[in-house]
Visitor: 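Pasting a structure below so you can have a look.
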Number of protein chains: 2
Amino acid sequence: MTEPPPPPPRRRPLTLRDVSEASGVSEMTVSRVLRNRGDVSEPTRRRVMDAARRLGYVPNRIAGALASQRVNLVGVIIPSLSNMVFPEVLAGISEVLEETGLQPVVGVTRYAAAREETVIYEMLSWRPSGIILAGVEHSAATRAMLRQAGVPVVEIMDTDGVPVDSMVGISHRRAGLAMAEAIVAAGYRRIGFLGTLMPEDHRARKRMEGLEEGLAAAGLTLADREYYAGGSALAKGREMTAAILGRTPDLDFLYYSNDMIGAGGLLWCLEQGFDVPERLGLAGFNNIELLDGLPRRLATMDACRREIGRRAAGIVLARQAGVVVELTPTLQPGDTVRRR
Amino acid sequence: MTEPPPPPPRRRPLTLRDVSEASGVSEMTVSRVLRNRGDVSEPTRRRVMDAARRLGYVPNRIAGALASQRVNLVGVIIPSLSNMVFPEVLAGISEVLEETGLQPVVGVTRYAAAREETVIYEMLSWRPSGIILAGVEHSAATRAMLRQAGVPVVEIMDTDGVPVDSMVGISHRRAGLAMAEAIVAAGYRRIGFLGTLMPEDHRARKRMEGLEEGLAAAGLTLADREYYAGGSALAKGREMTAAILGRTPDLDFLYYSNDMIGAGGLLWCLEQGFDVPERLGLAGFNNIELLDGLPRRLATMDACRREIGRRAAGIVLARQAGVVVELTPTLQPGDTVRRR
DNA sequence: CTGAAAGCGCTAACAG
DNA sequence: CTGTTAGCGCTTTCAG
């Protein structure tokens with residue numbers, strides 16, 4: 001680290017008035033030119049643009065938003081950025097918002113309800129044009145804030161619950177149930193579940209409940225479970241798989257709450273020489289891109305993340321209220337479920 | 001007895017005046033209470049808080065920022081969110097900013113200079129308290145904007161260049177050079193490079209240049225190269241490795257521009273039965289968490305991402321100018337470089 | 001087509 | 001401790 005030299009001049013940011021004076025055009029007309037609003041003669045327009053560019057003027061949106069009561073921001077509240085799933089939803093949102101002048105602003109809750117409340121409060125204090133947030137489980141205070149906000153609110157990813165306003169996602173309960181049916185149909189009988197311990201991961205929990213429901217319908221119950229928290233998911237997948245199979249060696253199917261731990265489990269099983277999928281079947285959830293590079297294709301279910309983002313953005317754009325969209329995830333059996 | 005229906009959604013958001021009227025306290029004092037500023041008697045404070053909570057008041061930061069000329073936002077501009085590296089830098093930034101009242105706002109450039117310019121322009125229009133951006137290569141217009149902004153600007157990740165203001169990172173050229181030295185010292189002689197084709201990935205390019213410089217010092221040159229763009233990095237790593245070894249079978253070391261393609265290459269080599277690291281050495285870059293779960297530990301270099309984020313945030317917090325911090329990445333030889 | 005006046009909702013700076 | 005008075009930099013509205 002070097003010594004900081006004398007701090008360079010931090011001048012006052014330029015204002016519309018500076019551009020007005022430099023161009024000899026009234027502030028009002030400068031404003032019109034810069035916003036492309038109303039009719040302005042070509043010569044005037046050019047003089048203004050030249051002055052603005054020459055000075056390096058950047059408009060002050062704070063003042064603009066206050067005066068116009070309009071903000072081009074959409075709040076997007078998600079639990080985490082280290083789980084690839086959320087950047088993908090974001091990509092879908094950006095895709096739609098891209099050329100509309102609206103701009104997503106991301107807030108991260110780290111799967112904590114208290115943080116979610118704070119993050120949403122902060123967001124709303126900037127008076128965004130809409131809110132998109134992951135999940136349907138929120139504190140009473142959060143729901144109240146959202147209801148009062150007076151802008152479109154879209155809860156995404158999960159449709160097992162009652163939304164504040166609009167909702168776009170899949171039913172994770174039904175996803176788990178569909179997986180149970182596929183597992184049973186493939187002839188597996190001793191099923192284990194491996195997942196996150198985080199009590200706030202409602203979607204993983206719902207998938208497990210759906211799985212149990214589906215197994216129950218076939219007269220089966222979960223034979224064993226294994227939970228984890230933190231660390232490298234790929235490494236955890238290995239450890240957990242070793243642990244659950246060590247404890248309950250006769251399991252013939254492992255359902256992972258996400259693809260990353262599933263991938264770890266798959267690598268471990270292949271190294272150990274397990275006969276996958278004959279002796280042992282495996283499945284994850286999410287259809288992450290990484291699966292493309294594994295030695296064998298893990299069974300999974302695509303959660304329609306991009307599409308969810310697109311739909312949610314569309315609702316905000318159209319200023320719709322009370323819309324509910326339930327998408328259907330597709331099962332991708334890959335190479336780790338027996339074919340009958 | 002019938003429940004009174006919940007209050008209907010409010011069209012006009014509440015203002016300080018509403019809280020003032022509901023509590024019978026002047027707007028100014030309400031403002032003081034809500035900001036925890038100046039002395040206010042306990043009874044008054046309580047009346048205000050009660051009214052604010054009861055009404056569900058959320059302050060309008062747009063007005064607040066305009067009046068106070070202070071914005072609690074720090075712009076963070078990164079190329080991508082799907083590359084884990086950046087969320088990790090972000091985590092370091094958040095860690096420091098967490099309890100300071102400052103809040104990071106993320107912008108994504110997708111490795112495109114034009115988009116970077118737009119994103120930064122948008123950011124600056126909100127008059128943030130600081131800007132942290134990845135890389136030191138920016139368009140002249142971008143640099144001009146940044147210089148005019150009048151707030152701390154910290155360019156991160158890379159120190160091979162001239163910063164607009166402050167700079168925190170590692171020298172990627174030197175990282176490549178250090179890797180070359182390690183490779184040569186381990187006795188490898190026929191080295192191949194595998195990396196991104198993106199012309200905007202300056203850091204990967206600098207590592208390659210550093211590598212070549214280091215090899216040259218030992219009288220060696222790069223024996224072959226292979227580039228890719230898009231798709232699953234893990235899968236690409238496999239394909240590229242197959243391609244380069246198909247073309248130049250006598251290569252004895254592969255240097256990957258990032259760990260994800262390196263991991264793909266490693267998996268492929270192990271499946272093909274290559275003798276790693278004796279017959280063929282491998283190395284990546286970044287030390288991503290995923291490496292923990294692979295069958296063998298890929299050699300890599302830790303790019304100090306979290307620390308970079310922390311330092312950058314610290315500079316913004318302290319409103320410092322012209323600070324330069326060069327961190328030194330540590331080589332982690334793992335299991336894929338011969339030991340001599 | 002262009003300009004002048006009146007705020008947007010809040011806070012700095014003073015008075016009391 | 002509490003209230004009053006001016007704006008913050010821009011846009012809306014309404015005249016020319």
Side-chain angles (χ1 to χ4, degrees), chain A residues 11-49 51-52 55 57-72 101 122 124-129 148-150, chain B residues 10-49 51-52 55 57-73 101 122 124-129 148-150:
Chain A
R11 47 210 132 185
R12 168 183 68 74
L14 297 161
T15 68
L16 218 39
R17 156 174 254 128
D18 296 307
V19 181
S20 167
E21 281 168 3
S23 64
V25 177
S26 79
E27 284 189 44
M28 195 53 240
T29 301
V30 171
S31 167
R32 285 197 183 96
V33 172
L34 263 24
R35 281 177 302 144
N36 245 322
R37 203 139 244 157
D39 295 321
V40 180
S41 73
E42 195 44 38
T44 311
R45 144 174 241 85
R46 210 193 307 282
R47 278 168 61 202
V48 170
M49 290 307 269
L55 296 177
Y57 172 68
V58 177
N60 184 331
R61 289 223 191 232
I62 297 175
L66 184 61
S68 66
Q69 305 281 55
R70 239 171 302 130
V71 179
N72 70 335
E122 292 292 319
L124 289 179
S125 76
W126 287 101
R127 302 288 188 265
S129 295
Q148 292 256 340
Chain B
R10 199 150 286 305
R11 260 291 107 216
R12 173 183 64 79
L14 297 162
T15 69
L16 260 191
R17 158 174 251 126
D18 295 309
V19 181
S20 167
E21 281 169 1
S23 64
V25 177
S26 79
E27 284 188 42
M28 195 56 235
T29 300
V30 171
S31 168
R32 286 198 183 92
V33 171
L34 263 22
R35 281 177 302 144
N36 248 320
R37 205 141 240 152
D39 295 321
V40 179
S41 73
E42 195 43 40
T44 311
R45 144 172 242 87
R46 210 193 306 282
R47 277 168 61 200
V48 171
M49 290 306 269
L55 297 177
Y57 173 68
V58 177
N60 184 333
R61 291 222 190 232
I62 297 175
L66 183 62
S68 67
Q69 306 282 46
R70 240 174 298 124
V71 180
N72 70 336
L73 267 22
E122 292 292 318
L124 290 179
S125 76
W126 288 101
R127 300 288 187 267
S129 294
Q148 291 258 339

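Each chain gets a letter, A, B and so on, in the order the sequences are listed, and its residues count up from 1.
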Visitor: Name the residue closer to the 5' end of DNA chain D, choosing between B:Ala67 and B:Val25 according to the nucleotide with the nearest heavy atom.
Guide: B:Val25
Visitor: Starting from P on D:dT11, measure out to CG on A:Asn72 and report it in whole angstrom.
Guide: 12 Å
Visitor: So for atom CZ, which belongs to A:Arg35, do other residues, nucleotides or ligands contribute more than 12 heavy atoms lying within a distance under 6.0 Å?
Guide: yes
Visitor: Starting the side chain at C-beta, find the nucleotide from C:dT11, C:dC10, D:dG9 nearest to B:Tyr57.
Guide: C:dC10
Visitor: If each of B:Ser41 and A:Arg70 is mapped to the nucleotide of DNA chain D with the nearest heavy atom, which maps nearer the 5' terminus, i.e. the 5' end?
Guide: B:Ser41
Visitor: Should we count CZ of B:Arg17 as having more than 12 external heavy atoms under 6.0 Å?
Guide: no
Visitor: Looking only at N and O atoms, is any donor in the side chain of B:Arg32 or the base of D:dG3 less than 3.5 Å from an acceptor on the other one?
Guide: yes
Visitor: From C:dT11, C:dT2, D:dT11, pick the nucleotide closest to the side chain of B:Met28?
Guide: C:dT11
Visitor: Whether A:Thr15 contacts D:dG9 is assessed here as follows: a side-chain N or O lying under 4.0 Å from the phosphate OP1 or OP2. Is that the case?
Guide: no
Visitor: Where the side chain of A:Ser68 is defined as all heavy atoms beyond and including C-beta, which of D:dT11, C:dT11, D:dG3 is the nearest nucleotide?
Guide: D:dT11
Visitor: A:Leu16 has a side chain; which of C:dG9, C:dT2, D:dC10 sits nearest to it?
Guide: D:dC10
Visitor: Within a 6.0 Å radius of atom CE on B:Met28, are there more than 12 heavy atoms belonging to other residues, nucleotides or ligands?
Guide: yes
Visitor: Between B:Gln69 and D:dG7, is there a contact of a side-chain N or O with OP1 or OP2 at under 4.0 Å?
Guide: no
Visitor: Would you say a side-chain N or O of A:Thr29 is under 4.0 Å from OP1 or OP2 of C:dT2?
Guide: no
Visitor: Can you check the B:Trp126 CH2 to D:dG9 C1' distance for me, whole Å?
Guide: 13 Å
Visitor: Round to the nearest Å and state the distance from A:Leu34 atom CG to D:dC10 atom P.
Guide: 9 Å
Visitor: Classify A:Asn60 by what it touches in the nucleic acid, base, sugar-phosphate, or nothing, heavy-atom distance under 4.0 Å.
Guide: sugar-phosphate
Visitor: Do the side chain of A:Arg47 and the main chain of A:Ser23 share a donor and acceptor less than 3.5 angstrom apart?
Guide: yes
Visitor: Would you say the side chain of A:Ile62 lies within less than 4.5 Å of the side chain of B:Arg61, judging by non-hydrogen atoms?
Guide: no
Visitor: Round to the nearest Å and state the distance from B:Asp18 atom CG to C:dC10 atom P.
Guide: 9 Å
Visitor: State which of C:dC1, D:dG3, C:dC10 makes the closest approach to the side chain of B:Ala63.
Guide: C:dC10
Visitor: So, is A:Arg37 near the phosphate of D:dT11, with a side-chain N or O under 4.0 Å from OP1 or OP2?
Guide: no
Visitor: A:Val40 has a side chain; which of D:dG9, C:dG3, C:dT2 sits nearest to it?
Guide: C:dT2
Visitor: With a 4.0 Å cutoff (strictly under), does any side-chain N or O of A:Arg17 reach OP1 or OP2 of D:dG9?
Guide: no
Visitor: May I have the distance from B:Glu27 (atom CD) to D:dT5 (atom C1'), rounded to whole angstrom?
Guide: 12 Å
Visitor: What about A:Arg61, does its side chain sit under 3.5 Å from the base of D:dG9 through a donor-acceptor pair?
Guide: no
Visitor: For B:Arg127, answer base if it contacts any base atom (sugar-phosphate contacts may also be present), sugar-phosphate if it contacts only those atoms, and nothing otherwise; contact means non-hydrogen atoms under 4.0 Å.
Guide: nothing
Visitor: Choose from D:dC1, C:dC10, D:dT12 the nucleotide whose nearest atom is closest to any side-chain atom of B:Asp39.
Guide: D:dC1
Visitor: To the nearest angstrom, how far is A:Leu14 atom CG from D:dC8 atom P?
Guide: 16 Å
Visitor: A:Val48 versus A:Tyr57: any side-chain heavy-atom pair under 4.5 Å?
Guide: no
